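Remarks on the structure that follows.
Numbering of ligands and ligand atoms starts at 1, following listing order. Source: prediction; values computed, not measured.
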Amino acid sequence: MFACVCVYCAFSGIGLLCLACRNMQRAEAARQALLVSHPTAQATLLHLDVGNMRSVLRAAEEFKQMCNRLDYLYLNAGIMPNPRVDHKAFYKGLFSSNVVCMFATGEGILTQEDKVTPIGLQEVFATNLFGHFLLVKELEPLLCQIDHNSLVIWRSSNNAQRSAFSLDDIQHQKGREPYSSSKYASDLLSLALNCHYNNRGLFSSVICPGLVMTNLTYGILPSFFLALILPVMWLVEGYSPYNGAEALFWLFMQKPESLDPMAKYHSLTSGLGNNYTQPHKMDIDENMSEALYVKLLELEDTVRKKLRDEDLDIKTKN
Ligand SMILES: NC(=O)C1=CN([C@@H]2O[C@H](COP(=O)(O)OP(=O)(O)OC[C@H]3O[C@@H](n4cnc5c(N)ncnc54)[C@H](OP(=O)(O)O)[C@@H]3O)[C@@H](O)[C@H]2O)C=CC1
Ligand SMILES: CC(C)=CCC[C@@H](C)[C@H]1CC[C@H]2C3=C(CC[C@]12C)[C@@]1(C)CCC(=O)[C@@H](C)[C@@H]1CC3
């Protein structure tokens, strides 16, 4: 429902909840639903297309007009365009020692078809990673304040695989697993943000919701089939379709500085149906995370310059 959720907490309870979304009709429906369950909540809406860098800059500007501090930034938006199960890889995996991992993470068997956005970025990279990165950079003055710590929360995935990511191709122009690559990049970026910003009060964490039945998953296999394999997923991995938000809520209750920058926090459900959050060490290292961060900063400069040049072009034409 949201591209991201910004939470500004007053000293007692939640101050303001800002739902930044692409589809304003859905956003309003979500706000109304929230007000039904929490009538005293203050929730405001912001238009944001996180795959469009101009929209990101505009939304950040509008948010800065509204608020002068930000405590939690939930980065939720994610796409997996034209997903396919690679049946050959699936049958190969079925008879390998990797079979449990394959069912849990879709490692090596989920492919997508990416495209290029008008500004020249790969769409999955732009939406799942770069737009969020630019947003964090824009909101930096609100997130980095001396009197409180803030937390940025990335909605990653157990499909984030080192094998799908390459530092020489951070946008995944050449491969068939842009989703996995972008989610792995978000794990790396979260670590880099911790390295660069912890001393300024900004902390970053990644979560995995497990397998949740949403528009994202319905595109992969028929819903009845997904419903059939869900109990298996629950038994094997502890994922439940109703429990994707557990880790998001759990993180909200933690002190940002107490979180492990190398861990991904998983939403899980026990055999008795109790929801819980468990940290799993991520397959990432500091050198790789720093190298990605440097590349993202370079790309940020390029994109900002492109946008400025476009603006100038329009001005001179008028
Ligand atoms: N479902 C699952 O099993 C898992 C999901 N995840 C992650 O959870 C997150 C949410 O996905 P999920 O709810 O499953 O899937 P959905 O497709 O149902 O939701 C995706 C959300 O992202 C928003 N979004 C997509 N592109 C943009 C954009 N350019 N600008 C603004 N908002 C955008 C959509 O907004 P709109 O309403 O405008 O379409 C939609 O609300 C994703 O990051 C996904 O990768 C991770 C692991 C497993
Ligand atoms: C091809 C056949 C007959 C079965 C394959 C079933 C599963 C292995 C596969 C189907 C949908 C996949 C899926 C994920 C993992 C592997 C599947 C369950 C994810 C949970 C991986 C992580 C994500 O981020 C999700 C969006 C994926 C959702 C779909």
Side-chain angles (χ1 to χ4, degrees), residues 1-5 19-30 45-56 59 74-81 83-94 98-112 117 121 123-132 135 153-161 164 177-180 182-184 186-187 206-234 236-237 239-245 247-248 264 266-267:
M1 193 59 71
F2 320 114
C4 78
V5 180
L19 310 177
C21 314
R22 175 174 59 175
N23 182 324
M24 296 314 275
Q25 254 176 334
R26 285 192 195 165
E28 183 52 32
L45 303 180
L46 195 64
H47 182 259
L48 169 63
D49 178 348
V50 80
N52 174 341
M53 300 313 133
R54 214 176 267 290
S55 168
V56 172
Y74 283 88
L75 303 170
N76 174 65
I79 55 166
M80 188 194 252
R84 295 268 176 285
V85 174
D86 179 339
H87 286 96
K88 220 168 131 194
F90 173 73
Y91 291 118
K92 223 173 133 191
L94 211 52
N98 209 27
V99 60
V100 175
C101 178
M102 179 185 82
F103 268 94
T105 67
E107 182 181 349
I109 61 166
L110 274 184
T111 63
Q112 304 87 36
T117 64
L121 298 171
E123 192 187 24
V124 175
F125 168 83
T127 309
N128 295 5
L129 186 86
F130 192 71
H132 290 143
L135 186 67
I153 297 150
W154 298 80
R155 196 150 156 148
S156 180
S157 162
N158 54 10
N159 189 244
Q161 303 290 335
E177 294 179 86
Y179 180 81
S180 176
S182 69
K183 292 295 176 183
Y184 188 76
S186 73
D187 297 353
V206 274
I207 70 108
C208 170
L211 177 58
V212 188
M213 308 297 273
T214 64
N215 289 338
L216 200 90
T217 48
Y218 288 136
I220 304 172
L221 287 171
S223 48
F224 78 89
F225 184 83
L226 283 173
L228 277 180
I229 62 165
L230 266 171
V232 182
M233 303 284 288
W234 188 357
V236 177
E237 285 289 324
Y239 296 145
S240 147
Y242 312 107
N243 182 30
L248 297 174
K264 185 178 289 180
H266 288 245
S267 294

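Between C21 and ligand 1, not a single N/O pair is under 3.5 Å apart. In terms of N/O distances under 3.5 Å, ligand 1 is not approached by T217. Of the polar atoms of Y179, at least one N or O is found under 3.5 Å from an N or O of ligand 2, judged by distance alone. Residue K183 places at least one N or O, backbone or side chain, under 3.5 Å from an N or O of ligand 1. Close N/O approach between G210 and ligand 1 is found [any backbone or side-chain N/O within under 3.5 Å]. At under 3.5 Å, not a single nitrogen or oxygen of I79, backbone or side chain, sits near a nitrogen or oxygen of ligand 1.
In this structure, I109 is part of the shell of residues with a heavy atom less than 4.0 angstrom from ligand 2. Using a 4.0 Å cutoff on heavy atoms, A27 does not count as a contact of ligand 1. Not a single heavy atom of C208 sits under 4.0 Å from any atom of ligand 1. Not a single heavy atom of T214 sits closer than 4.0 Å to an atom of ligand 2.
Within the 4.5 Å cutoff, side-chain heavy atoms of M102 are placed close to those of I109. Side-chain contact between N159 and E107 is absent, with no heavy atoms from C-beta onward closer than 4.5 Å. Under the 4.5 Å side-chain criterion, counting only non-hydrogen atoms from C-beta, S156 is in contact with K264. Looking at heavy atoms from C-beta onward, R22 lies out of side-chain contact with V50 at the 4.5 angstrom threshold. With contacts defined as side-chain heavy-atom distances shorter than 4.5 Å, the pair Q161/T105 qualifies. By the 4.5 Å heavy-atom criterion applied to side chains, I79 and V124 are counted as neighbours. The shortest distance between side-chain heavy atoms of N52 and T117 does not fall below 4.5 Å. Inter-residue side-chain proximity for P81 and Y179 is flagged as unmet; no heavy-atom pair is nearer than 4.5 Å.
When the options I220, T217, T127, N128 are evaluated for a side chain to side chain contact (heavy atoms under 4.5 Å, CB included) with M80, the one that passes is I220.
Less than 4.0 angstrom separates some heavy atom of T217 from each of these atoms of ligand 2: 28 (C). Within ligand 1, counting atoms from 1 as listed, the ones closer than 4.0 Å to a heavy atom of A77 are 22 (O), 23 (C), 24 (N), 32 (N), 33 (C), 43 (O). Each of the atoms 28 (C), 29 (C) of ligand 2 lies under 4.0 Å from some heavy atom of I220. Using a 4.0 Å cut-off to heavy atoms of G78, the atoms of ligand 1 that qualify are 20 (C), 22 (O), 42 (C), 43 (O). Ligand-side atoms of ligand 2 in range of L226: 11 (C), range being under 4.0 angstrom from any heavy atom. The atoms of ligand 2 that sit less than 4.0 Å from any heavy atom of G106 are 15 (C), 16 (C). Here is the list of ligand 2 atoms found below 4.0 Å of a heavy atom in L211: 20 (C), 28 (C), 29 (C). Listed by number with element, the atoms of ligand 2 under 4.0 Å from a non-hydrogen atom of S157 are 22 (C), 23 (C), 24 (O). Close contacts of ligand 1 with L211, meaning ligand atoms under 4.0 Å from a residue heavy atom, involve 3 (O). Residue contact check: N23 has heavy atoms under 4.0 Å from atoms 38 (O) of ligand 1. The atoms of ligand 2 that sit less than 4.0 Å from any heavy atom of V85 are 1 (C). Close contacts between ligand 1 and S157 involve ligand atoms 46 (C), 47 (C) [criterion: under 4.0 Å to a heavy atom]. Near N158, meaning under 4.0 Å from one of its heavy atoms, ligand 2 places the atoms 21 (C), 22 (C). Under a 4.0 Å criterion applied to the non-hydrogen atoms of L48, ligand 1 contributes the atoms 30 (N), 31 (C). Within ligand 1, counting atoms from 1 as listed, the ones closer than 4.0 Å to a heavy atom of G51 are 29 (N). The contact set between ligand 1 and N215, taken as ligand atoms under 4.0 Å from a residue heavy atom, comprises 17 (O), 18 (O).
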Does the side-chain contact (heavy atoms from CB on, under 4.5 Å) test come out yes or no for D187 and W154, once each step is laid out?
CA-CA 8 Å; D187 297 353; W154 298 80; over 6 Å; no
Starting from the C-alpha separation in whole Å, work towards a yes-or-no answer on side-chain contact (heavy atoms from CB on, under 4.5 Å) for R84 and Q112.
CA-CA 6 Å; R84 295 268 176 285; Q112 304 87 36; over 6 Å; no
Go through the steps for L75 and I153 under the test side-chain contact (heavy atoms from CB on, under 4.5 Å), then give the verdict.
CA-CA 6 Å; L75 303 170; I153 297 150; over 6 Å; no
Take L211 and N158 through the side-chain contact (heavy atoms from CB on, under 4.5 Å) test and state the conclusion after the steps.
CA-CA 9 Å; L211 177 58; N158 54 10; over 6 Å; no
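Residue nearest to atom 16 (P) of ligand 1, selected from V56, N158, L216, T127: L216 (by heavy-atom distance). Taking all heavy atoms of N52, D49, N76, T105 into account, the minimum distance to atom 43 (O) of ligand 1 is reached by N76. Nearest-residue assignment for atom 14 (C) of ligand 2 (options L110, N159, D86, V99; heavy-atom criterion): L110. Considering each of M80, H47, R22, the one bringing a non-hydrogen atom nearest atom 26 (N) of ligand 1 is R22.
Ring planes of F103 and F90: perpendicular class, angle over 60° (limits at 30 and 60°).
The distance from the CG atom of N23 to the NE2 atom of H47 is 8.0 Å, given to the nearest 0.5 Å.
Formation of a donor-acceptor pair under 3.5 Å by the K183 side chain with backbone atoms of R155 is found in this model.
When all heavy atoms are compared, the tightest approach of L110 to E177 is O-CG, 3.6 Å. Nearest heavy atom pair, residue A89 against residue G108, reads CB-O, 3.7 Å.
Side chains of D86 and T111: no donor on one and acceptor on the other come within 3.5 Å.
Looking at V50 against ligand 1, both its backbone and its side chain come within 4.0 Å, counting heavy atoms. Of all the heavy atoms of T105, the ones lying under 4.0 Å from any atom of ligand 2 belong exclusively to the backbone. Contact annotation: for F103 versus ligand 2, heavy atoms closer than 4.0 Å belong to both the backbone and the side chain.
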